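The next block holds one structure in the form of structure tokens; read it before the comments.
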Amino acid sequence: MQKVPDSGWPHFVRTPQAARLLDLSPRTLEKHRCEGTGPVYRKLGGRVVYSIADLEAWVEASARRSTGDATKPRPSPAAVDAAGTAR
């Protein structure tokens with residue numbers, strides 16, 4: 001018999017379910033994943049999964065009061081050295 005996970009465990013959803021929750025297409029979510037601009041995800045046995053808490057955190061982090069609110073600029077890949085620090 002399978003043991004039921006503790007209620008403290010995060011609830012995970014796959015890309016199609018996460019995209020529906022965010023009102024995005026799965027392809028858009030995949031693009032965000034490749035560009036590093038999307039919500040935190042995990043690879044479990046080759047499957048991409050998102051925790052509900054990480055999806056909520058990503059939505060909260062994207063809150064803006066006006067179009068003038070700028071996000072922190074990310075260093076371009078060329079500006080990052082081998083150690084992973086910005087030059």
Side-chain angles (χ1 to χ4, degrees):
M1 178 185 275
Q2 231 178 1
K3 184 178 176 185
V4 177
D6 182 290
S7 61
W9 275 75
H11 178 81
F12 293 111
V13 294
R14 304 276 306 271
T15 300
Q17 296 138 327
R20 275 195 301 275
L21 289 169
L22 296 170
D23 197 23
L24 298 172
S25 75
R27 181 66 187 110
T28 298
L29 196 51
E30 290 167 4
K31 183 176 178 182
H32 277 297
R33 191 168 61 238
C34 290
E35 293 175 355
T37 57
V40 173
Y41 68 95
R42 289 158 180 82
K43 293 275 294 218
L44 301 176
R47 295 179 181 162
V48 172
V49 295
Y50 297 88
S51 77
I52 299 298
D54 288 335
L55 296 176
E56 290 171 344
W58 185 67
V59 168
E60 287 304 313
S62 67
R64 304 287 184 269
R65 293 200 180 274
S66 75
T67 57
D69 285 354
T71 59
K72 292 180 185 176
R74 294 177 179 255
S76 68
V80 177
D81 64 18
T85 56
R87 290 186 226 164

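By convention here, the first residue in the shown sequence is residue 1. Not measured: the values here are computed from a predicted model.
In this structure Arg42 satisfies the side-chain hydrogen bond (donor to acceptor under 3.5 Å, both in side chains) test together with Asp54, sequence neighbours excluded. Partners of His11 under the ring-ring contact (aromatic ring centres under 6.0 Å, His included) rule, at least two apart in sequence or in another chain, do not exist in this structure.
Under the 4.5 angstrom side-chain criterion for Ile, Leu, Val, Met, Phe, Trp and Tyr, the cluster partners of Leu24 are Val13, Leu21, Leu22, Leu29, Tyr41, Val48, Tyr50, Ile52, Leu55, Trp58, Val59.
We find the OG-CD distance between Ser25 and Glu30 to be 8.0 Å, quoted to the nearest 0.5 Å. Note that the CZ atom of Arg33 and the OG1 atom of Thr28 stand 11.5 Å from one another [nearest 0.5 Å]. Rounded to the nearest 0.5 angstrom, His32 NE2 and Arg27 CZ are separated by 11.0 Å.
Heavy atoms only, all atoms of each residue included: Pro16 and Pro26 are closest at CA-CG, 4.3 Å.
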